[in-house]
Novice: 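Submitted below is the structure of interest, expressed as structure tokens.
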2 protein chains.
Amino acid sequence: MPKQKTDILKAQTKTRAAAPKRQSSTAQLPTFNARIEGIEYGILDELTGYAVRRAQLSIYADFSASLGVYDITPQRFSSLVIVGNNPGISQTRLAEVMGIARSGVVAIIDNFEQAGLLERQDSGDRRSYNLHLTKEGQKQLEKYKLAVKEHDDRVSQQLSVKERQQLRALLGKLCIDPK
Amino acid sequence: MPKQKTDILKAQTKTRAAAPKRQSSTAQLPTFNARIEGIEYGILDELTGYAVRRAQLSIYADFSASLGVYDITPQRFSSLVIVGNNPGISQTRLAEVMGIARSGVVAIIDNFEQAGLLERQDSGDRRSYNLHLTKEGQKQLEKYKLAVKEHDDRVSQQLSVKERQQLRALLGKLCIDPK
DNA sequence: TATTGTTATACTCTATAACTATA
DNA sequence: TATAGTTATAGAGTATAACAATA
């Protein structure tokens, strides 16, 4: 088994402040920043990267407002979905998928394990764990998914279904090496 | 004049580690994460927000690799461009544009001022400053712009000019309240 | 009283490096 | 030796709240 964690450390999980709750997908968007009147953005308006960044900030603000009550961030939500869709995945592999260091997933998994949403199960190799959602984890994840879909629909409400697909397709072609 | 800052505090600016330099717009993309083979992404593939987030992470990685040598981040670059295009802007207004707290811009401006790229000039109101780029700041900004354009072109190289415009237009429609 | 810039403080996220227990 | 998970630590980034100077 991997190095045993002390109970003291396991106990010191931080509770985060709950954000104000949002009501429905028709509720007003916070629209964090986006575009300030009377400001010249110059070259920024021509950059793909700035457009993505600006969108990401606005989306993040709405995500936080929508799921803060559940103590869920985009990062945490993604972790749950990945584990849910790839049962038995290891922490190292999860770190790779999330694009963060291995050390970073420890806290994430600790947190979900303590909340009873996720389990570290034995793998053949005693150095590693197989990650699985618990029944409760699956149940909670379904709840989160509904909230995230509501959030995502609200954020994308000015786009048709076709445009949303188009947008995802265009985004997916970024940072691709032609080889 | 606003509260005077101590020289001690002014001196303790942090130097950041320079990232490895990149060569040209045809160089290989780091493509940070994007999409890991053999992983099921489930609902994440249907979400606008996740597509934006994933793109943003990849772009950020390339930006850092491209401009890390100059100690420039997207945030810092945006600040310079905004000040350059809106000479005389106040710190509070800049904070509003950047979507961060007023306290956050202090360090950013301190840093640029110490580097001689930017000046805090007197405004009519003695509580506030007018921010201006120095000659050196304008010169450096032009250099950064070239590097950022190269980076942005590399990141968008799989998209035609028309597709890039389309992408920016679609992103611009996100998080808009129909009212 | 209100506003601008500033400071102090704290919290989150992340990376690096060293450590342990296994392989 | 190499790998998986863990820990310690440090550095950005950000927010909140309080403060001084000024309006």
Side-chain angles (χ1 to χ4, degrees), chain A residues 1-10 12-17 19 32-33 53 57 60-61 64 68 71-76 78-79 88-96 98-111 113 120-131, chain B residues 1-10 12-19 32-33 53 56-57 60-61 64 68 71-76 78-79 88-96 98-111 113 120-131:
Chain A
M1 275 301 192
K3 183 164 44 167
Q4 199 61 16
K5 316 181 71 174
T6 69
D7 285 350
I8 291 169
L9 210 139
K10 284 204 171 187
Q12 67 171 187
T13 310
K14 284 147 198 159
T15 52
R16 307 175 193 193
F32 182 41
N33 49 349
R53 182 179 149 79
L57 288 173
Y60 189 88
S64 299
D71 191 21
I72 286 292
T73 62
Q75 186 79 282
R76 288 164 59 78
S78 300
S79 302
I89 192 174
S90 71
Q91 293 185 195
T92 294
R93 184 106 167 105
L94 181 57
E96 187 191 354
M98 306 290 295
I100 60 175
R102 281 176 300 151
S103 58
V105 299
V106 176
I108 296 174
I109 302 303
D110 280 1
N111 205 295
E113 195 175 37
R120 287 177 165 103
Q121 296 182 357
D122 290 350
S123 66
D125 189 332
R126 288 176 64 198
R127 286 171 304 182
S128 70
Y129 294 117
N130 283 348
L131 301 178
Chain B
M1 274 300 192
K3 183 163 42 167
Q4 200 63 15
K5 317 182 70 172
T6 68
D7 285 350
I8 291 170
L9 210 139
K10 284 202 171 188
Q12 69 172 187
T13 311
K14 287 148 196 157
T15 52
R16 306 173 194 193
F32 182 42
N33 50 352
R53 182 180 147 78
Q56 213 271 324
L57 288 173
Y60 189 88
S64 298
D71 192 19
I72 286 293
T73 62
Q75 187 78 284
R76 289 164 58 78
S78 300
S79 302
I89 193 174
S90 72
Q91 294 185 193
T92 294
R93 184 106 166 105
L94 181 58
E96 186 191 354
M98 306 289 295
I100 61 175
R102 278 176 301 151
S103 57
V105 300
V106 176
I108 296 174
I109 301 303
D110 280 1
N111 204 295
E113 195 175 37
R120 286 175 165 102
Q121 295 183 357
D122 290 350
S123 67
D125 189 332
R126 287 177 63 199
R127 288 172 303 183
S128 69
Y129 294 117
N130 283 348
L131 301 178

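Below, each value reflects all heavy atoms present in this structure, side chains not excepted, and no hydrogens, waters or symmetry copies. Worth saying up front: this structure is predicted, and the values here are computed from it rather than measured. Just so we're on the same page: letters track the sequence lines, and every chain starts at 1.
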Novice: Looking at the side chain of B:Ala101, which of D:dG5, C:dC13, D:dA15 is the nearest nucleotide?
Specialist: D:dA15

Novice: Mind calculating the distance between OH (A:Tyr129) and P (C:dT22) to the nearest angstrom?
Specialist: 10 Å

Novice: Measure CG/B:Leu57 against C1'/C:dC13 and give the value in whole Å, please.
Specialist: 12 Å

Novice: Using a cut-off of less than 4.0 Å, is there contact between a side-chain N or O of B:Arg126 and OP1 or OP2 of D:dT22?
Specialist: yes

Novice: Using heavy-atom distances to pick each residue's nearest nucleotide on DNA chain C, tell me which of A:Asp125 and A:Gln75 is more 5'.
Specialist: A:Gln75

Novice: Rounded to the nearest 0.5 Å, what's the gap from CD1 on B:Ile72 to OG on B:Ser78? Could you check?
Specialist: 10.0 Å

Novice: CG of A:Asp122 versus P of C:dA23: gap in Å, rounded?
Specialist: 11 Å

Novice: Using whole Å, report how far CZ of A:Arg127 lies from P of C:dT22.
Specialist: 10 Å

Novice: Can you check the A:Ile100 CD1 to D:dA4 P distance for me, whole Å?
Specialist: 16 Å

Novice: What's the shortest heavy-atom distance between B:Ser79 and B:Ile108, and which atoms?
Specialist: OG-CG2, 3.8 Å

Novice: What's the CZ-C1' distance between A:Arg93 and D:dG5, to the nearest Å?
Specialist: 17 Å

Novice: Minimum heavy-atom separation for A:Leu94 to A:Ile109, with atom names?
Specialist: CD2-CD1, 3.9 Å

Novice: OP1, OP2 of C:dA18 versus side-chain N and O of A:Arg102: anything below 4.0 Å?
Specialist: no

Novice: Find the distance A:Asn111:CG to C:dT14:C1' and express it as a whole number of Å.
Specialist: 16 Å

Novice: Mapping B:Ile109 and A:Ile108 to their closest nucleotides on DNA chain C, which lands nearer the 5' end?
Specialist: B:Ile109

Novice: Establish, with yes or no, whether the OP1 or OP2 oxygen of D:dT6 is under 4.0 angstrom from a side-chain nitrogen or oxygen of A:Gln91.
Specialist: yes

Novice: Return the minimal non-hydrogen interatomic distance between B:Gln75 and B:Ile100, and the atom names on each side.
Specialist: NE2-CG2, 3.8 Å

Novice: Return no unless some side-chain N or O of A:Thr92 is found under 4.0 Å from OP1 or OP2 of D:dG5.
Specialist: yes

Novice: Say you draw a straight line from CG of B:Leu131 to OG of B:Ser90; how long is it, rounded to the nearest 0.5 Å?
Specialist: 7.0 Å

Novice: What is the distance from CD of A:Gln121 to P of D:dA4, rounded to the nearest Å?
Specialist: 19 Å

Novice: Hey, is the side chain of B:Ser103 poking within less than 4.0 Å of OP1 or OP2 on C:dG5, counting only N and O atoms?
Specialist: no

